[in-house]
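Encoded as structure tokens, the structure appears first; notes follow it.
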Amino acid sequence: MTTTFTTSKWFVGTMVICLWAGISSAVEFAGGTGEPNDPYQIATAEQLCSIGSDPNLLDKCFLLVSDIDLDPNLPGGKVFGKAVLASRSSGRGGSITGTVFSGVFDGNDHTISNLAIQGKDYLGLFGELSGEVKNVRLVDVDISGSSSYIGALTGYNAGTVIQCSSSGWVDGSSHVGGLAGDNSGDIVGSHSNGSVGGSWHVGGLAGDNTGHIAGSHSSGSVSGAWHVGGLVGSNDGNITDSHSGSAVAGTYDYVGGLVGSNSASIIASYSAGAVTGNDCIGGLAGSNAGSISASHSVGGVIGSEYIGGLVGRNTGSVIA
């Protein structure tokens, strides 16, 4: 990306490549050493994006100290082609390249707004994380992936997400979620509000869950073909004290107000959005082969076969 602007904040000399594009030149942070008791301080878009250009930074600690706008229409802005931080990508034979974020990122309740990504897989602010991300507020994201693991915050979470939120639009093929494409870690006290679309394993908060989701919720709209849920598309983990108000529309099967399909545990949770689909359509869960307890649904349900106000098809246990 080139430009004729000469403002020293963005450019050196008369023609340079913007640091938002991910060059590897060192960027001076606003403070800190990257250690747990003295995290690197992030105050600008340039500093934020520089983390993704250096794999050696991905196990460090960071603190956001101001709101950041990543609007691609701003001077130096761009539509990203991959995750901003810890980008990952699947290759031939199932190989995965890239570095996982294993550090600590504290958003400090500041906002990161207008993040725009158009790419393949493992898309989000983070491609994949195994560390801790907390207090991040993503506003008005616009993320589109042609493949799997697409989310506003992270494509794949194997770490801990605490008190994070997202709004905007997220779209992909499989394992697509408003906050996380796939969760095998912990998501606590977090929420998403926006439009989420995909083919299978699509959820308002997470497309697939094999970890633990607690005290979290979603709203907006969710659409897909199979395993589509207001909160989670397919649940093989634990969901507790969570809810969804999302309107959910599935083209085919396993569509639910909270989860499309449940093979594990749902406790003290509920759904309130309208649900439409074909086969195995439920107000709370499209199908249940696990356990559901102390949970309810109040949304309307429309389908063709195996339809239920709470569960469309049940081969597990449902306990009041």
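Only a predicted model underlies this, so the values are computations on that prediction, with no experimental measurement involved.
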Inset, instruction - Could you check Asn114, Ile112, Asp140, Val139 and say which one makes a side-chain contact (heavy atoms from CB on, under 4.5 Å) with Asp69? - result: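 Filter result, single survivor: Asn114.
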Legend entry - Side-chain hydrophobic cluster, 4.5 Å single linkage: members besides Ile267: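 Under the 4.5 Å side-chain rule, Ile267 groups with nothing.
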Inset, instruction - Would you check if Arg88 and Val100 make a side-chain contact, meaning some heavy-atom pair closer than 4.5 Å? - result: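 Heavy-atom side-chain distance check passes, below 4.5 Å.
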Inset, instruction - Report yes if the side chains of Lys134 and Gln163 come closer than 4.5 Å at any heavy-atom pair, otherwise no. - result: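 Result no, sub-4.5 Å side-chain heavy-atom pair not found.
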Legend entry - side chain to side chain donor-acceptor pair (under 3.5 Å) between Ser291 and Ser317, intermediate numbers included: CA-CA 5 Å; Ser291 64; Ser317 65; 4.7 Å; no
Check: [Y] main-chain N/O paired with [X] side-chain donor or acceptor under 3.5 Å:
X	Y	value
Ser166	Gly178	yes
Ser242	Thr240	yes
Asn288	Val311	no
Ser297	Gly283	yes
Ser50	Leu48	no
Arg313	Ser287	no
Asn108	Leu64	yes
Ser223	Ala249	no
Ser265	Asn238	no
Gln47	Glu28	yes

No-hydrogen, no-angle side-chain donor-acceptor test under 3.5 Å, [X] and [Y]:
X	Y	answer
Asp236	Thr210	no
Ser148	Asp121	no
His227	Ser261	yes

Inset, instruction - Would you please indicate yes or no on a ring centroid separation below 6.0 angstrom for Trp226 and Tyr254? - result: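 Not under 6.0 Å, so no.
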Are [Y] and [X] linked, directly or through intermediate hydrophobic residues, by side-chain heavy-atom contacts shorter than 4.5 Å (ILVMFWY only)?
X	Y	value
Leu205	Trp200	no
Tyr40	Val65	no
Val161	Val104	no
Val136	Val188	no
Leu138	Val84	yes

Legend entry - Rounded distance [0.5 Å steps], CD1 in Ile51 versus CG in Leu57: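 Output value for this atom pair is 7.0 Å.
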Inset, instruction - Hey, could you give me the CD/CG distance between Glu128 and Leu58, rounded to the nearest 0.5 Å? - result: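 Glu128 CD to Leu58 CG: 11.5 Å, rounded to 0.5 Å.
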Inset, instruction - May I have all residue pairs that pass ring-ring contact (aromatic ring centres under 6.0 Å, His included) and include part of residues 272-310, sequence neighbours excluded? - result: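 Sorted pair list: Tyr270-His296.
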Inset, instruction - Name the orientation class of the two ring planes belonging to Tyr156 and Tyr149 (parallel below 30°, tilted from 30 to 60°, perpendicular beyond 60°). - result: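 Perpendicular.
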Legend entry - CD (Gln41) with more than 12 external heavy atoms under 6.0 Å: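 Yes - once you tally the heavy atoms of other residues, nucleotides and ligands closer than 6.0 Å, there are more than 12.
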